[in-house]
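To keep things clear, I will list the structure first and then write my remarks on it.
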Amino acid sequence: MPHALNDPVIAWYADHARDLPWRTPDASAWAVMVSEFMLQQTPVSRVLPMYEAWLTRWPTPTALADDEPGEAVRAWGRLGYPRRALRLHGAATAIRDRHKGEVPDDHEKLLALPGVGEYTAAAVASFAFRQRHAVLDTNVRRVLARTVDGTEYPPQSTTAAERRTATDAMPLADETAATWAVAVMELGALVCTARTPRCADCPVAAMCAWRLAGKPAYAGPPRRGQTYAGTDRQVRGKLLAVLREAHGPVPQARLDAVWDEPVQRARALDGLVADGLVEPVADGVYRLPTGAPVSS
DNA sequence: TACCCGTGGCG
DNA sequence: TCGCCAAGGGT
């Protein structure tokens with residue numbers, strides 16, 4: 001028996017879906033994968049220009065794999081979480097070397113790629129290859145928490161119960177399940193939003209457990225804030241910005257200028273090197289990674 | 001598991 | 001104003 005949410009959500013999507021470039025029929029699996037990496041924790045509006053630039057420059061996984069990882073980091077710009085750029089380059093390299101340059105259509109093989117976790121593997125398999133997978137991102141989890149579970153927000157980390165709920169809500173046929181996956185995600189992004197849900201515009205408001213219960217306030221544990229100012233993350237961001245904008249090796253002094261606390265600055269730089277985002281090229285000289293073996 | 005990892009816009 | 005939030009992954 002189909003889930004009661006399916007038809008109204010799919011019909012709503014047909015009328016309200018945003019016209020996003022990675023959803024067009026000619027978008028390749030690689031294009032879908034690039035979009036998914038960029039969209040991890042990053043709003044669509046900021047992804048759009050970077051996505052276009054990347055697909056133009058690196059239209060296939062092999063094209064990216066044949067370029068330096070540092071170029072991927074540079075082209076990532078200010079999207080944030082630059083390790084994603086490195087992992088996307090690593091995924092492209094694995095696709096070139098292990099999959100003949102073709103994005104694998106198998107969930108397990110996708111999951112084995114760097115930077116591809118449970119969500120991204122399911123998303124690529126569903127969106128690009130039209131397979132049936134539970135695609136559980138923050139939007140879908142929130143929609144199901146509200147409509148099915150009657151709570152304002154899902155738990156902090158994905159639970160087995162959520163997976164069960166998501167699987168139960170999935171249409172049986174592959175193609176329909178794939179449409180459902182993108183539709184319920186879009187509903188979460190546009191209507192069933194985190195802060196101010198637009199229940200008046202929701203196609204399933206009449207059957208939403210949370211709304212029917214009077215929208216009880218979130219009662220779970222407090223969600224940890226993401227403080228930023230003064231953290232290592234901010235310092236890393238400033239250091240990497242210098243390296244991105246400089247086309248070539250950068251002397252230590254240029255890096256020292258972005259943060260005056262030396263202990264934290266050194267820790268942040270060491271972290272970037274450990275993550276492979278920065279390469280020491282000589283004593284006190286650094287650059288974005290070339291992909292060449294590190295010389296001692 | 002809890003925590004770390006960027007960046008910017010919005011209510 | 002400033003905390004919250006944004007298509008997560010790795011360890």
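Lettering of chains follows the sequences in order, A, B, ..., and the numbering in each one begins at 1.
Regarding A/E118, its CD atom lies at a distance of 8 Å from the P atom of C/dG9, rounded to whole Å. Separating the CG atom of A/D275 from the P atom of B/dG6 is a distance of 7 Å, rounded to the nearest angstrom. Distance CZ (A/R195) to P (C/dC2): 16 Å, rounded to an integer number of Å. One atom, CZ of A/R83, and another, C1' of B/dC3, lie 11 Å apart when rounded to the nearest Å. As rounded to whole Å, 14 Å separates atom P of C/dA7 from atom OH of A/Y13. Taking atom CG of residue A/L240 and atom C1' of nucleotide B/dC5, one finds them 12 Å apart after rounding to whole Å. The separation between A/Y218 atom OH and C/dC5 atom C1' is 14 Å, rounded to whole Å. What separates CZ of A/R78 from P of B/dC5 is a distance of 17 Å, to the nearest Å.
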Full working for side chain to side chain donor-acceptor pair (under 3.5 Å) between A/D232 and A/Q264: CA-CA 7 Å; A/D232 285 7; A/Q264 187 180 28; 2.9 Å; yes
Stepwise, does the side chain to side chain donor-acceptor pair (under 3.5 Å) test hold for A/H133 with A/E118? CA-CA 10 Å; A/H133 294 280; A/E118 179 58 42; over 6 Å; no
Under the criterion side-chain contact (heavy atoms from CB on, under 4.5 Å), I'd like the reasoning laid out for A/S126 against A/R132: C-alpha separation, chi angles, the key distance, then a yes or no. CA-CA 6 Å; A/S126 176; A/R132 182 175 185 269; over 6 Å; no
The test is side chain to side chain donor-acceptor pair (under 3.5 Å); show your working for A/Y119 and A/Q40 and say whether it passes. CA-CA 10 Å; A/Y119 161 76; A/Q40 291 170 4; over 6 Å; no
Might you work through the ring pair (Phe, Tyr, Trp, His ring centres under 6.0 Å) test for A/W58 and A/W30, ending with a clear yes or no? CA-CA 10 Å; A/W58 297 301; A/W30 170 242; 9.0 Å; no
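Counting non-hydrogen atoms under 4.0 angstrom, A/L20 reaches a base of the nucleic acid. Using a 4.0 Å heavy-atom cutoff across all strands shown, A/G80 reaches at least one base atom of the nucleic acid. Across all strands shown, A/R87 has heavy atoms under 4.0 Å from sugar-phosphate atoms exclusively, and none from any base. Nucleic acid contact for A/F127: none, since no nucleic acid atom lies under 4.0 Å from a heavy atom of the residue. Using a 4.0 Å heavy-atom distance criterion, A/F37 is classed as making no nucleic acid contact. Residue contacts for A/W22: at a heavy-atom cut-off of 4.0 Å it reaches a base atom on one of the strands shown. When heavy atoms are screened at a 4.0 angstrom cut-off, A/R23 is found touching base atoms of the nucleic acid.
Between A/R267 and B/dC4, a side-chain N or O to OP1/OP2 separation shorter than 4.0 Å is absent. Within the 4.0 Å cut-off from OP1 or OP2 of B/dG8, not a single side-chain nitrogen or oxygen of A/Y228 is found.
If A/D232 and A/P43 are placed on DNA chain B by their nearest nucleotide, the residue sitting closer to the 5' end is A/D232. Nearer the 5' end of DNA chain B, as judged by each residue's closest nucleotide, is the contact made by A/Q40, out of A/Q40 and A/S45. Nearest-nucleotide positions on DNA chain C for A/R46 and A/L113 put A/R46 closer to the 5' end.
Under 3.5 Å, the side chain of A/R233 and the base of B/dT7 form no donor-acceptor pair of N or O atoms. Side-chain to base pairing of A/T42 with B/dG6: one donor and one acceptor N or O lie within less than 3.5 Å of each other.
The pair A/E68-A/R287 counts as a salt bridge, with a side-chain nitrogen and a carboxylate oxygen less than 4.0 angstrom apart. Using a cut-off of 4.0 Å between Lys/Arg side-chain N and Asp/Glu carboxylate O, A/D201 and A/R198 are scored as salt-bridged.
Taking atom P on both C/dA7 and B/dC10, the two are 15 Å apart, rounded to the nearest angstrom. Rounded to whole Å, the separation between the C1' atoms of C/dA6 and B/dT1 comes to 23 Å.
Listed candidates were B/dG6, C/dG8, C/dC5. Nearest to the side chain of A/A194 is C/dC5. Nearest to the side-chain atoms of A/R84 among the listed nucleotides C/dA7, B/dG6, C/dG8 stands B/dG6. Considering only side-chain atoms of A/T120, the nucleotide from C/dG9, B/dC5, C/dA7 that sits closest is C/dG9.
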